[in-house]
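The structure appears right after this line, and notes come after that.
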Amino acid sequence: MSSFSLDSFSLKGKVALVTGASYGIGFAIASAFAKAGATIVFNDIKQELVDKGIAAYKENGIIANGYVCDVTDEESVTDFIKKVEDEVVLIDILVNNAGIIKRIPMLEMSAKDFRQVIDVDLNAPFIVSKAVIPGMIKNGHGKIINICSMMSELGRETVSAYAAAKGGLKMLTRNICSEYGDANIQCNGIGPGYIATPQTAPLRELQADGSRHPFDQFIISKTPAARWGNTDDLQGPAVFLASDASNFINGHILYVDGGILAYIGKQP
């Protein structure tokens with residue numbers, strides 16, 4: 001007889017670190033984890049952002065532990081994780097969410113800008129994962145979720161650095177699985193599609209004649225669901241990958257994209 005229980009989706013008693021979770025996708029994922037029973041830890045690069053995040057969580061009835069940390073700085077991350085382990089407890093769940101994008105044509109992009117995107121979107125997940133894995137090994141379990149992208153699979157104009165970083169993050173996800181699966185650590189990724197956030201709002205504004213923005217039209221036409229995603233669409237998948245319900249899923253990238261990657265598009 002099956003031993004399955006809905007309790008396997010619970011995060012009660014777990015501690016979850018979500019990087020860069022003062023707002024946006026990270027905030028939505030951390031909020032879902034809290035509703036599933038987890039204790040929330042997050043960081044951001046400035047105290048002002050941490051304070052705003054703590055206030056936003058409080059508005060939603062969530063007590064979150066916020067810290068200032070630059071996730072690209074290995075020494076800072078080591079100190080941060082030690083502080084969390086001393087003040088809260090060992091981390092059960094890590095979501096590498098912090099990221100940036102620079103939309104610059106490749107021939108106009110400086111190597112400095114390219115390196116910055118790689119540093120935040122690829123090097124930082126390596127640094128933070130490296131810092132939390134020893135505690136997960138000590139605990140006998142752990143969940144790492146890397147926020148990848150459809151650009152882990154596809155290219156597009158102006159995002160050479162972002163696509164390179166997210167493609168690398170997909171392979172880092174698989175390699176963490178390969179190295180630490182036998183320590184009962186599951187490392188998976190979530191690849192969001194086009195998500196409606198304040199940052200993408202200008203791309204969805206109606207034009208003066210009442211028509212959709214050209215980029216909005218493009219995304220709707222390429223998405224079988226015929227809409228942009230929202231941060232709520234990422235909450236269920238994140239809770240699943242953070243929970244015991246996904247204990248035999250490892251090295252997988254779950255694309256939450258409304259079907260874009262499955263669709264060749266309509267014939268013109």
Side-chain angles (χ1 to χ4, degrees), residues 7-99 120 124-147 176 180 183-188 190 231 234-235 238-247:
D7 289 343
S8 63
F9 290 92
S10 172
L11 303 182
K12 191 174 181 181
K14 302 291 178 67
V15 175
L17 165 59
V18 185
T19 66
S22 297
Y23 58 90
I25 288 173
F27 180 85
I29 288 173
S31 297
F33 285 175
K35 289 176 184 175
T39 297
I40 303 304
V41 177
F42 76 98
N43 81 291
D44 220 310
I45 199 164
K46 294 179 182 176
Q47 186 65 51
E48 176 190 354
L49 292 171
V50 171
D51 292 342
K52 284 183 179 178
I54 289 172
Y57 285 111
K58 192 172 182 180
E59 278 183 28
N60 284 271
I62 298 166
I63 297 171
N65 303 274
Y67 298 81
V68 176
C69 178
D70 177 355
V71 288
T72 67
D73 182 331
E74 187 166 14
E75 187 177 341
S76 176
V77 169
T78 300
D79 292 344
F80 164 48
I81 298 303
K82 186 178 185 309
K83 196 172 184 183
V84 171
E85 290 177 350
D86 288 345
E87 295 181 2
V88 187
V89 75
L90 291 173
I91 294 161
D92 300 291
I93 302 157
L94 166 65
V95 181
N96 284 308
N97 165 74
V120 176
F126 164 78
I127 290 168
V128 182
S129 297
K130 181 183 170 187
V132 303
I133 285 171
M136 291 179 172
I137 293 172
K138 187 176 180 181
N139 262 351
H141 65 84
K143 300 280 186 174
I144 298 174
I145 301 170
N146 292 323
I147 303 302
I176 291 172
Y180 299 105
N184 194 25
I185 294 171
Q186 291 84 51
C187 182
N188 295 291
I190 290 178
T231 55
L234 301 169
Q235 293 182 314
V239 169
F240 168 62
L241 290 178
S243 74
D244 289 342
S246 60
N247 280 350

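Heavy atoms only: backbone and side chains are in, while hydrogens, waters and symmetry mates are out.
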* To do: Apply side-chain contact (heavy atoms from CB on, under 4.5 Å) to T39 and list each qualifying residue two or more places apart in sequence or on a separate chain.
  => V15, N65, V88
* To do: Step by step, work out the side chain to side chain contact (heavy atoms under 4.5 Å, CB included) result for I91 and V41.
  => CA-CA 9 Å; I91 294 161; V41 177; 5.8 Å; no
* **Minimum heavy-atom distance between V120 and G99, given as atom pair plus value** => CG1-CA, 3.7 Å
* Considering non-hydrogen atoms only, spot the tightest contact between V50 and G66 and give its length. => CG1-C, 3.6 Å
* Within residues 69-96 or reaching into it, pairs that qualify as ring pair (Phe, Tyr, Trp, His ring centres under 6.0 Å) - sequence neighbours excluded -> Y67-F80
* If you measure from CG on N96 to CG on L17, what distance do you get to the nearest 0.5 Å? -> 8.0 Å
* Asked: Considering only heavy atoms from C-beta outward, does the side chain of I147 approach that of I29 to under 4.5 Å?
  -> yes
* **side chain to side chain donor-acceptor pair (under 3.5 Å) against S31, all qualifying residues, sequence neighbours excluded** => none
* For E87, does the CD atom sit with more than 12 other heavy atoms under 6.0 Å from it, leaving out its own atoms? -> yes
Using distance only, find each side-chain donor-acceptor pair of residues 132-141 under 3.5 Å and give its atom names and separation, not counting sequence neighbours.
residue : atom : partner : partner atom : Å
N139    : ND2  : D92     : OD1          : 3.4
H141    : NE2  : D92     : OD1          : 3.3

* Structure fact -> For residues 35-62, the ring pair (Phe, Tyr, Trp, His ring centres under 6.0 Å) pairs (sequence neighbours left out) are F27-Y57, F42-Y57
* Measuring from Q47:CD to D51:CG, what's the distance to the nearest 0.5 Å? -> 4.5 Å
* To do: State, to 0.1 Å, how close S22 and L49 come at their nearest heavy-atom pair, and which atoms those are.
  => OG-O, 3.1 Å
* K143 side chain near S246 side chain, heavy-atom distance below 4.5 Å -> yes
* Just how far is it from atom CD1 of I81 to atom CG of L90, taken to the nearest 0.5 Å? -> 10.5 Å
* To do: Apply side-chain contact (heavy atoms from CB on, under 4.5 Å) to A245 and list each qualifying residue two or more places apart in sequence or on a separate chain.
  => S8, F9, F240, S243
* Please identify each residue that fulfils salt bridge (charged side-chain N to carboxylate O under 4.0 Å, His left out) with K46, with sequence neighbours left out. => none
* Asked: Just by modelled atom types, is the V68 backbone N or O under 3.5 Å from a matching donor or acceptor in the N43 side chain?
  -> no
* Not counting sequence neighbours, which residues clear salt bridge (charged side-chain N to carboxylate O under 4.0 Å, His left out) with D244? List them please. => K14
* Structure fact -> Across all chains, not counting sequence neighbours, the salt bridge (charged side-chain N to carboxylate O under 4.0 Å, His left out) partners of K82 are D86
* Structure fact -> Tightest non-hydrogen contact, residues C69 and S76, listed as SG-OG, 3.5 Å
* **Shortest non-hydrogen separation from L94 to T19 and the atoms involved** => CD1-CG2, 4.3 Å
* To do: Kindly compute the distance separating CD1 (I63) from CD1 (I54), expressed to the nearest 0.5 Å.
  => 11.0 Å
* Structure fact -> Hits for side-chain contact (heavy atoms from CB on, under 4.5 Å) against A242, two or more places apart or cross-chain, chain-then-number order -> L11, F33, I93, I145
* To do: Not counting sequence neighbours, which residues clear side chain to side chain donor-acceptor pair (under 3.5 Å) with K58? List them please.
  => none
* Point-to-point distance, once rounded to the nearest 0.5 Å, from CG of D44 to CG of D70 -> 10.5 Å
* What residues form a salt bridge (charged side-chain N to carboxylate O under 4.0 Å, His left out) with K130, not counting sequence neighbours? -> E74
